[in-house]
Amino acid sequence: MSAHLSFARFAWRNLWRRRFRTLLTLFGIGMAIAAFVALVGFSNSFESEWKRAYESSGTDIAVVQKTFLNTSVDESDGATLMKLPDVASISPMILNMMDLTPEVNALAFGWTADTYEFESLHFVSGGRFHDGKSEVILGELLAQNLNKQVGDTLDIQGTGFKVVGIFHGASALEEGAAILPLDELQEISSLQGKVTTFHVRLKPAPPGVSSEQYLKQAQGQIEAALPGLKAIPAAERAANNQLVGAAHAAAWGTSLIALIIGILGIANTMAMSVFERTREIGILRAIGWKRWNILLLIEFEATVLGFAGGILGIGFGVAALRLLSRLPQTASIVTSTIAPSLLIEAVFVAVLAGLLAGAVPAWRGAKLSPVEALRYE
Amino acid sequence: MSNPAKPGPILEACNLFKSYDEGRIEALREVSVSIQHGEFLAISGPSGSGKSTLLQLIGGLDAPTSGEVYFEGSLLGSAIDLDTYRAKHVGFVFQAFHLMPTLRAIENVQVPMLALKTSADDRVKRAETLLMEMGLENRMGQYPNQLSAGERQRVAIARALANSPSILVADEPTGNLDSVNSARIMEMLTGIQKKHGMTLIIVTHENDIAEMAPRHIRIRDGRVES
């Protein structure tokens, strides 16, 4: 037994006095932080997979509709794009989320058979599809989840598509995607003559022009030639992607609700603790503790709850993300990789939650008069 | 360690008036007391007489409604704030011991020292010395609920001495003890007062305890009787 009493040990003994309540509170804030880590980690991972997909394909600019509601673009605009001086090649495409089976949903891409996008794929078996034919190629992960091989038929929206290739993609998004001929996807999606995006590869930048300047110049050219459309650098497109935006919003919104519940849990525990320890606070004040000593003690206890809950939550969150990255429903859009910055953010959020939750109880404890507190029964 | 007695009063209470409930209850009326360095003073009176209120005012736990309390010539609450006064100059002993239930005896004694940023090693050494002085060298690791009432009060006295105060204030220190333990606690308090040259102020309603003090003031209805 150590005879040494520190401020931290005193705080810990106070928390451990009501073990069950402390553990329940830890569990509450832990769940909130777990939701934060899992959901924000999920949406971040989703975004980084998009980034990886763009980077691997060598796309410089994505051309999309300016408006949020109308997301389709005339395929004929491709001809205008190809006439622009800085454009080397374009890839018209459709992107859609599809339920392939009741359990498995996947990103479905519509590409032309001659698109440069194929360069980033490595075929494990089979090869490219042909335009105008009911053929499909599957990412390795999706093929595994659907238990399909080259030669099998996959039913998509009532049409049988022959699996002609299985590929290994550069990102989890591609690994879990189905890629169909553009014209076939247009037909089954009732989007004849329409695409959702043009991916654009630029010619090499002229000497003396920086890549940023060149990119801006090309953006300007495209937007001038096609008013109503927006040219977005590929790296930004990953973050601006509507699906990514929705994932981020849902993740932060849900996490915020969970965090508010967690904060209320700690605040309730600390308020009860201050109420139960009113007389003890009076004793501390009588034997020389100043108001700020009391404030610090209660805030410290709340912060310990926040921090410990944060660590617990990170454990749960990482486990949840690992699970999501293995589930067939979500494996195609998320990996289990978590950026260290998210973990630091989670600890920061947890400690901040503790501080916020402890503020009112600490203030109430600190303003108790020693005489009133000592009289408290 | 003993404090050489300084000339002049250590505490001077002038015309203290304390009321509660917006003046409807008058606990103290025009009380003036002067207490010398190293003095042992007993304050007695029946329940509700105002003796504990007087102790709270001169112990810096509360401020008077009117009147002043001076510590070594400095006005409490003005020249010296009440928190600092309680932390550095006053040690409290309560009737109900008021130990922290989650802390062992040796940890309880260290609690006041946490407020003064005494180093960790010094805190432990000081707590060990005080508990040995109280005859509790074998009870240092016990929690309050593992100690007898007399032992708890001795831990409380050790805690009151932790920051080496010049005034020891005891509110009914033997109120929860049997006669044997009462005698022992009084022996300890007077021994400490003599050994350290401290000022000892005891509030009691027991005459035999009050008569142990060389000076004894009686309070009735909020006024000093003698």
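To find a chain, count down the sequence lines: A is the first, B the second, and so on, and within it residues start at 1. What you see below is based on every heavy atom in this structure, not just the backbone, and it leaves out hydrogens, waters and symmetry mates.
Using cut-offs of 30° and 60° for the angle between ring planes, the F316(A) and F27(A) rings count as perpendicular.
Heavy-atom pairs under 4.5 Å with chain A peak, among A160(B), P101(B), A127(B), A162(B), at P101(B). For the options N163(B), L116(B), L103(B), heavy-atom pairs under 4.5 Å to chain A are most numerous at L103(B). Counting heavy-atom pairs closer than 4.5 Å to chain A, the top-ranked of the candidates Q56(B), M113(B), M100(B), R123(B) is M100(B).
Around the CZ atom of F307(A), the shell of radius 6.0 Å holds no more than 12 heavy atoms that belong to other residues, nucleotides or ligands. At most 12 non-hydrogen atoms from other residues, nucleotides or ligands lie less than 6.0 angstrom from NZ of K88(B).
Under the salt bridge (Lys or Arg N to Asp or Glu O under 4.0 Å) test applied with E301(A), the options R17(A), R18(A), R277(A), R13(A) reduce to a single match, R277(A).
Cation-pi check for R159(B) over F94(B) is not met; the charged atom does not lie both under 6.0 angstrom from the ring centroid and within 45 degrees of its normal.
For R285(A), the parts lying under 4.5 angstrom from a heavy atom of chain B are both the backbone and the side chain. Looking at F97(B), there are no atoms closer than 4.5 Å to chain A (heavy atoms on both sides), in backbone or side chain. Contacts between V111(B) and chain A at a heavy-atom distance below 4.5 Å involve backbone atoms as well as side-chain atoms.
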